[in-house]
Chemist: 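Below you'll find the structure I mean.
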Amino acid sequence: MLLDVQKIESFYGASQVLFGMDLQVGEGEFVTLLGRNGMGKSTTVKSIMGLMAPARGSIRLAGREIAGIASYKVARAGIGLVPEGRQIFPNLSVAENLLATAHNLQKASQPWTLERVYALFPRLRERAGNLGANLSGGEQQMLAIGRALMTNPRLLILDEATEGLAPLIRAEIWRCLGELKRTGLSIMCIDKNLGSLLPLADRHYIVEKGRVVWSGNSQELAAQHAALQSHMGI
Amino acid sequence: QEPLKIGFIGTLSGPAGALGQDQYDAFMLAIKQKGGKLGGVPVTVIREDDQLKPDQGVQAATKLIKSDHVPIITGVTFSNVMMAIHKPITDAKVFLIGSNAGPAPIAGKSCSPFFFSTSWDNDQLHEAGGQLTSDLGYKNVYVMAPNYQAGRDAVSGFKRDYTGKIIDEVYTQVNQPDYSAEIAQLQAAKPDAVYVFYPGGMGVNFVKQYRQAGLLGKLPLISVSTIDGSTLPALKSLAIGAITSAPYAPNLDNPQNQQFVQAFVAAYKRQPSMYAAQSYDAANLIDSAVAKVKGNVSDADALRAAFKAADFKSVRGAFKFASNQFPDAGFFRVDVVKGADGAELKAVSPIRIQKRANFAAACPLK
Amino acid sequence: MSLALVIIQSLNGLQLGVLLFLMAAGLTLVFGIMNFVNLAHGSLYMMGAFFAASLYNYTGSFLLAALLLVPAMLALGLLVEWVALKKLYQRDHLDQVLATFGLILFFNELARMIWGASPYYMEVPDFLTGAVNLFGIAYPTYRFVIISAGLLVALGCYLLIHRTRVGMLIRAGATNRAMVGALGVNIVLLNSLLFALGAVLAGIAGLLAGPILSVQAGMGEPILILTMVVIVIGGIGSIRGAFYASLIVGVVDTLGRTVLPSLLRSFLDRSTADVAGPALASMMIYLLMAVVLAIRPRGLFPVKNA
Amino acid sequence: MMPTHPRRRWSLDALLAIALLIVLALVPVYAALAAQPFALTLATRILIFALAAVSLNLILGYAGLVSFGHALYLGLGVYVAGIMSFHGIDNGWLQLLATLAVCALVGALTGSIALRTSGIAFIMITLAFAQMFFFLIVSLSRYGGDDGMTLAAASRYGTLPLSDARLLYGAAFVLLCAALYGCRRLVHSRFGQVVCASRLNERRMKALGYPTFRYRLTAYVISAMVCGIAGLLYVNLTQFASPSYMSWTTSGDLIAMVVLGGMATLTGPLFGAVGMILVEEWLKAMTQHWMVIFGPLIVLIVILSRQGLVGLLRGAEARWRGTPGGPGSASPSAAGGETQ
Amino acid sequence: MAGAANLLSVRRLLKRYGGLVATDHFDLDVRPGELHAIIGPNGAGKSTLIAQLAGEIRPDGGSIHFDGRDITGMRVERRALLGLARSYQITSVFPEFTALQNVMLTAQAHQGHSFRFWTPTLRQPELVEPAAQALERVGLGSRLHTPVADLAHGEQRQLELAMVLAGKPRLLLLDEPMAGMSQSESRLMTDLLLSLKGQYGIVLVEHDMDAVFALADRITVLVYGRAIACGPIEEIRANPEVRNAYLGDEAMPS
Ligand SMILES: Nc1ncnc2c1ncn2[C@@H]1O[C@H](COP(=O)(O)OP(=O)(O)OP(=O)(O)O)[C@@H](O)[C@H]1O
Ligand SMILES: Nc1ncnc2c1ncn2[C@@H]1O[C@H](COP(=O)(O)OP(=O)(O)OP(=O)(O)O)[C@@H](O)[C@H]1O
Ligand SMILES: [Mg+2]
Ligand SMILES: [Mg+2]
């Protein structure tokens with residue numbers, strides 16, 4: 001198991017948001033988190049990423065406990081994050097956004113380079129000299145994905161992977177994620193486009209009120225889609 | 001015996017804190033020398049720091065008067081604080097023995113029977129400077145001072161006793177750090193000598209930069225309140241060759257001063273400055289007056305008369321009060337010469353001021 | 001005023017500007033780029049001057065003092081950052097203003113306790129004394145040293161910020177610390193080091209200024225205010241802006257002090273001019289700043305971002 | 001349909017503030033009984049600075065305009081009274097009118113330039129304006145210049161002179177209470193809501209149709225005028241006008257009072273002024289090097305508490321009542337939602 | 001097509017960023033009550049267009065008429081008071097205020113000036129009531145006194161809409177109102193917008209094609225700042241150029 005999250009509980013101040021989240025991502029696996037707004041998906045991501053410390057529970061990455069450690073250590077251990085709301089660096093150019101935090105600590109044999117990212121998102125090449133602040137929303141999203149890839153992660157976490165992207169690009173991203181999966185990268189993805197996720201993903205978790213209420217593979221999800229939809233609103 | 005409470009107000013913190021500290025140390029030295037007593041009465045000194053803020057000064061004075069009920073307050077380093085506290089203290093019929101600041105108004109029309117100074121009034125200091133410059137025979141002088149009241153008083157005082165020509169008078173910003181522009185300007189004007197008034201850190205800046213431009217020793221520099229006991233340690237040999245006009249120097253040749261310097265150096269490991277000397281005088285003045293009234297400080301008239309008699313030995317030599325209760329005392333040409341710790345201040349010759357300050361006439365006291 | 005004097009005065013303005021820039025560079029790193037309002041930068045400058053003076057007086061060698069100063073300031077910067085400021089990066093500017101205001105009080109008093117309240121001794125090293133004769137006016141050699149040191153620092157800072165990866169990270173961290181961390185950079189360490197670098201630059205400014213200015217408690221604040229004016233005029237966060245603004249302020253201030261009074265005398269009567277001249281000259285750079293901000297609210301060379 | 005409000009409840013800090021005001025109201029009695037007139041002077045100073053801090057809090061806390069030059073208006077109040085009485089006008093009402101007019105004018109002028117900037121630039125430009133006036137006053141040698149000048153005569157209101165310590169105290173007390181109450185009303189009014197919201201998101205306010213500039217400018221001017229009144233009182237307390245009243249350290253002190261007390265809270269400036277001045281007095285009495293303690297103390301409070309003293313109180317209260325609150329949770333107080 | 005009957009009419013609007021032409025001689029007409037969707041690839045200039053309509057960005061050329069009035073050079077706040085209301089692509093509310101206070105601000109903006117210094121706003125029914133109603137309408141009726149910082153992302157989007165509605169707008173400028181919403185919430189939002197349709201003119205920018213196709217009366221397709229097509233849904237779906245540039249396979253009727 002690459003990532004193993006056990007019974008974590010997280011708080012914002014005094015208000016509890018996660019009530020014993022459990023989830024696993026295997027080596028090379030593509031997993032999704034589904035659920036209505038405000039159910040704690042992003043909070044789970046933040047807890048894994050070390051952006052907030054869970055009050056209880058354990059998070060293991062390749063067997064090593066990472067709950068509560070500084071986020072840069074989590075990132076170095078091999079998790080790449082595409083955060084909710086993009087959070088690209090507004091005062092850096094596109095190229096600088098990609099290069100600033102690039103590293104290859106896992107010694108990937110085919111590390112990501114500017115060229116590879118530009119090949120993935122040609123739009124970014126056109127805008128390479130632009131400041132992050134002057135990009136359109138969708139361009140920012142592409143940049144955020146590219147930036148995460150440049151850290152050569154073993155596990156890529158995308159929070160709202162295709163938010164704000166045009167349908168064509170969205171399709172492109174799904175295609176890329178498929179490709180990345182084939183290279184052996186593990187992926188955890190939060191997105192609302194169930195239709196596109198079903199053929200791609202191996203397993204799914206449905207989150208409600210800070211805990212997992214359903215999990216299963218794509219066939220199971222497709223089979224129970226109607227029931228789940230009315231209950232969980234996915 | 002009930003101890004006599006004396007208030008001390010001085011600038012003890014901030015960049016100018018050294019001056020107040022000198023005043024305080026010397027004052028305490030005098031008391032220690034007299035076995036903790038002044039005029040035979042044990043004293044406690046209540047120390048207040050005005051932080052060079054007039055409102056803090058007023059607050060300190062109010063506290064001393066209303067809460068501690070002191071009959072005598074001494075010290076006061078800077079003119080602006082003096083201006084702020086002079087009226088409240090003297091209005092409350094508490095004696096104020098200033099040992100440094102002497103702004104012109106309180107020597108003139110705002111003078112008070114309750115105020116005595118053991119230092120000088122601002123103009124007097126510079127009249128001596130003007131006199132010295134004339135005596136040295138400089139005919140064309142370039143004058144510089146910071147742009148505030150004391151600086152302007154300095155220039156007007158200088159003009160009163162200087163007989164030559166002033167090529168230019170320049171007022172610089174208060175606390176200006178860099179004088180290179182002015183130094184270039186003054187070189188271009190080709191004067192015989194330069195006369196400056198830059199107290200505290202400003203003086204250190206100016207003299208250092210004057211030296212670095214290679215001018216010290218070439219173009220005579222006459223200064224007042226610029227190189228003194230508080231700034232010399234920062235200048236040391238850099239100031240050698242400067243001429244100053246001052247009310248005091250540690251080498252003044254009188255027995256009172258010799259024992260003072262010896263005791264001060266022994267106690268504080270540094271040479272006394274004029275601030276120390278004036279404050280030492282203040283302590284001795286109080287000592288003499290309290291002794292005269294036999295410790296009964298509640299009789300204001302008697303105490304005032306006792307102060308006025310000035311029956312003590314000043315470290316500045318001859319000392320008596322003029323009608324405005326500012327002293328008639330000596331001024332000296334003091335040179336910066338090579339000495340023990342790089343450089344020292346050495347009185348060379350007394351300056352005889354031609355005219356008395358005209359403030360005494362404006363003062364209604366007789 | 002003769003042409004020669006104008007040239008000399010411009011050189012003086014340049015020199016003052018460069019001295020200001022030495023301060024502004026360090027402050028820009030911390031204030032502009034890390035987005036941390038550090039009023040205590042003036043105190044670091046003061047401590048630098050005191051350290052340098054003590055080291056110089058003790059070792060007798062200016063170069064050795066300069067060499068030892070760097071680790072000393074690095075340590076001081078790290079210490080201050082670690083003890084007092086680390087927690088304040090994510091707070092708003094006001095908390096930073098206040099905490100560093102507290103540090104000013106502390107350092108000034110500390111310096112007074114250690115080195116005494118009066119100015120402290122420091123002189124120009126022997127091999128740099130002397131003056132060059134320019135058009136009949138003696139110009140100190142040491143001033144040329146300051147000018148070249150300032151230009152070097154300017155170049156170094158520019159390269160660091162705009163041409164290195166560390167520079168990118170620093171800029172990125174200014175807008176979004178958490179994200180830089182989440183991408184695998186130890187932002188806490190990076191910030192500490194950057195702060196310490198700012199402290200070293202402040203210390204170098206203190207070292208260079210020590211021999212010409214009076215080294216004393218409280219010496220940092222007047223120059224701090226000037227420096228902040230410079231940074232705001234230049235556009236916050238821009239090394240380039242800080243550089244040009246330093247020179248502009250240096251020249252405007254110098255010419256304001258020297259040219260303005262004589263200018264006023266030419267059409268006002270002498271005593272009025274003598275009153276108005278210095279008053280105006282002292283307000284000059286503040287006026288300049290007000291005018292600049294009224295026309296360009298983000299300074300002359302604003303950094304482009306959100 | 002009128003939705004129900006959350007239940008009203010006196011918060012701990014409000015209760016403490018009222019207790020503090022009552023204690024302050026009793027100071028003259030104590031001073032007279034214990035023959036400690038100095039206590040009255042000290043308390044007057046506290047009241048005046050609290051008034052100035054309340055005025056600063058209006059723009060600093062609620063409007064989010066970090067002015068580093070507020071001492072300017074304190075100084076203007078001081079000098080308007082000082083200069084008028086220098087010229088023989090000691091009528092207090094006239095002085096008050098002139099102070100308000102001058103502060104409003106200067107506030108409107110400098111404010112309309114300063115408000116074009118934001119963030120650090122705003123901090124600096126307000127500082128710059130204060131410095132400009134500082135240097136202007138320093139160069140007015142007729143009015144004492146750098147040395148300052150003694151107040152020729154205290155302000156007179158009819159037959160009542162403000163040189164009477166108890167009268168001055170009463171005036172300061174009443175004005176402070178009025179300012180606190182006025183501030184409370186103001187913050188929850190339409191105007192106050194616009195000003196607070198502009199701090200949080202000015203761009204959005206414009207999109208909603210608010211010309212934010214004029215509201216913020218008005219807040220700035222109001223704050224300047226209130227601070228001018230504090231200056232008028234202050235000059236009567238010290239009987240002296242000095243440019244140092246408008247130095248940047250005074251502005252820093254005022255900021256410290258507001259922030260340490262608790263920004264954008266009604267009672268914060270009061271606690272801040274009382275705390276700062278008392279601690280300062282106490283430390284000064286202990287050691288000459290009091291600033292070595294005072295400085296780190298400020299740093300410590302800033303680090304430990306996000307909302308100043310009031311924040312600490314609220315945190316304690318929340319823990320005690322066992323309800324969420326205190327740091328960490330978003331506090332609606334800053335939006336003026338407190339103690340409705 | 002042009003004329004006074006249009007609520008909004010834009011003619012030859014031009015905006016340049018250096019060499020990039022973000023809005024390229026763009027024309028647009030919105031009729032009263034019409035929901036006009038604008039779609040286009042990322043970076044096509046949709047947000048830039050909305051910002052110019054709202055008055056936050058000044059165009060380099062062309063004209064904008066609202067209800068027959070030329071508003072090209074008018075400031076943001078004046079436009080807002082005329083009834084031009086916008087929501088933001090990235091949620092932009094007042095986090096420390098409660099939901100109710102947020103919406104009350106909109107109501108207040110339309111009730112004359114705010115130089116009223118004395119009465120607490122929460123005691124003014126003319127502010128509270130319309131605000132509470134607007135919140136009710138978007139489904140936040142139970143969250144009136146919740147500080148906005150405590151609302152979930154989706155709820156904040158709903159709030160955003162409530163703020164727009166409380167201002168009695170005539171033309172809504174909605175920039176990606178569905179961004180970041182789960183499918184169920186998107187559907188709720190779609191229903192909400194459907195219920196508003198016809199009452200206001202609406203300009204909708206959205207990448208969620210389900211929503212666009214469910215809602216729009218007409219669609220304009222923007223590519224590189226230029227309108228490449230404009231017409232009713234079916235026409236746009238069928239347009240091969242649009243499919244190439246933007247829709248890909250997603251436009252296939254499902
Ligand atoms: N900074 C915060 N402070 C307080 N509460 C928060 C904060 N961030 C989120 N919450 C609350 O935590 C809960 C879970 O939020 P989270 O962002 O994890 O949800 P989500 O599942 O990612 O929703 P969405 O799909 O809208 O992004 C929500 O109710 C939200 O109101
Ligand atoms: N201030 C600016 N300076 C330079 N270029 C800019 C600026 N603002 C936007 N741009 C560029 O203009 C183009 C249009 O941007 P806009 O935000 O309008 O796109 P959009 O259609 O809203 O895209 P999306 O659907 O991705 O949000 C983009 O290529 C963007 O990079
Ligand atoms: Mg989320
Ligand atoms: Mg957009």
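Proteins get letters first, then strands, A, B, ... in listed order; numbering begins at 1 in each.
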Chemist: By a 4.5 Å heavy-atom criterion (distance strictly below it), what part of E:Q111 contacts chain D: side chain, backbone, both, or neither?
Modeler: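 For E:Q111, backbone and side chain are both near chain D.
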
Chemist: Give a yes or no on this: more than 12 heavy atoms of other residues, nucleotides or ligands lie within 6.0 Å of atom CZ of E:R78.
Modeler: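 Counting other residues, nucleotides and ligands, CZ of E:R78 stays at 12 neighbours or fewer.
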
Chemist: Closest approach of E:R116 and D:S189, non-hydrogen atoms and distance?
Modeler: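 Smallest heavy-atom distance, with atoms named: O-OG, 3.1 Å.
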
Chemist: I'd like to check the side-chain hydrogen bond (donor to acceptor under 3.5 Å, both in side chains) partners of E:Q108; sequence neighbours left out, ordered by chain and number.
Modeler: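 Checked E:Q108 against side-chain hydrogen bond (donor to acceptor under 3.5 Å, both in side chains); matches are E:S114.
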
Chemist: Decide yes or no for E:F94 and D:C196: does some side-chain heavy atom of the first lie under 4.5 Å from some side-chain heavy atom of the second?
Modeler: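 A side-chain contact is absent here, since even the closest heavy-atom pair is not under 4.5 Å.
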
Chemist: What pairs with D:R204 under salt bridge (charged side-chain N to carboxylate O under 4.0 Å, His left out), at least two apart in sequence or on another chain?
Modeler: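 Applying salt bridge (charged side-chain N to carboxylate O under 4.0 Å, His left out) to D:R204 gives E:E160.
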
Chemist: What I'd like to find out is whether the side chain of D:F191 reaches to under 4.5 Å of the side chain of E:W118, using heavy atoms alone.
Modeler: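 Counting from C-beta outward, D:F191 and E:W118 never come under 4.5 Å.
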
Chemist: Most heavy-atom pairs under 4.5 angstrom with chain D, which of E:G167, E:P169, E:A80?
Modeler: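 Top option by heavy-atom pairs under 4.5 Å: E:A80.
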
Chemist: Can you tell me which portion of E:H113 sits under 4.5 Å from chain D's heavy atoms? Options are side chain, backbone, both or neither.
Modeler: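 Both backbone and side chain.
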
Chemist: To the nearest 0.5 Å, how far apart are NE2 in D:H188 and OG1 in E:T119?
Modeler: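 Output value for this atom pair is 13.0 Å.
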
Chemist: Using heavy atoms and a sub-4.5 Å threshold, report which of residues 216-229 of chain D line up against chain E, by residue number.
Modeler: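 Within residues 216-229 of chain D, the residues that come under 4.5 Å of chain E (heavy atoms only) are D:T218, D:I222.
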
Chemist: Distance from D:R214 atom CZ to E:F115 atom CZ, nearest 0.5 Å?
Modeler: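 Going from the CZ atom of D:R214 to the CZ atom of E:F115 covers 6.5 Å.
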
Chemist: Only one of E:L105, E:L81, E:V76 forms a side chain to side chain contact (heavy atoms under 4.5 Å, CB included) with D:L208, so which one is it?
Modeler: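 The residue from E:L105, E:L81, E:V76 that satisfies side chain to side chain contact (heavy atoms under 4.5 Å, CB included) with D:L208 turns out to be E:L105.
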
Chemist: Can you name the residues that form a salt bridge (charged side-chain N to carboxylate O under 4.0 Å, His left out) with D:R190, not counting sequence neighbours?
Modeler: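 Scan of D:R190 (salt bridge (charged side-chain N to carboxylate O under 4.0 Å, His left out), adjacent residues dropped) gives E:E126.
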
Chemist: I want to check something: taking the side chain as every heavy atom from C-beta on, are E:E77 and D:T212 in contact at a cut-off of under 4.5 Å?
Modeler: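 They are not in side-chain contact.
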
Chemist: For the candidates E:V148, E:N102, E:L127, which exhibits the highest count of non-hydrogen atom pairs separated by less than 4.5 Å from chain D?
Modeler: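 Of the options given, most contacts go to E:L127.
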
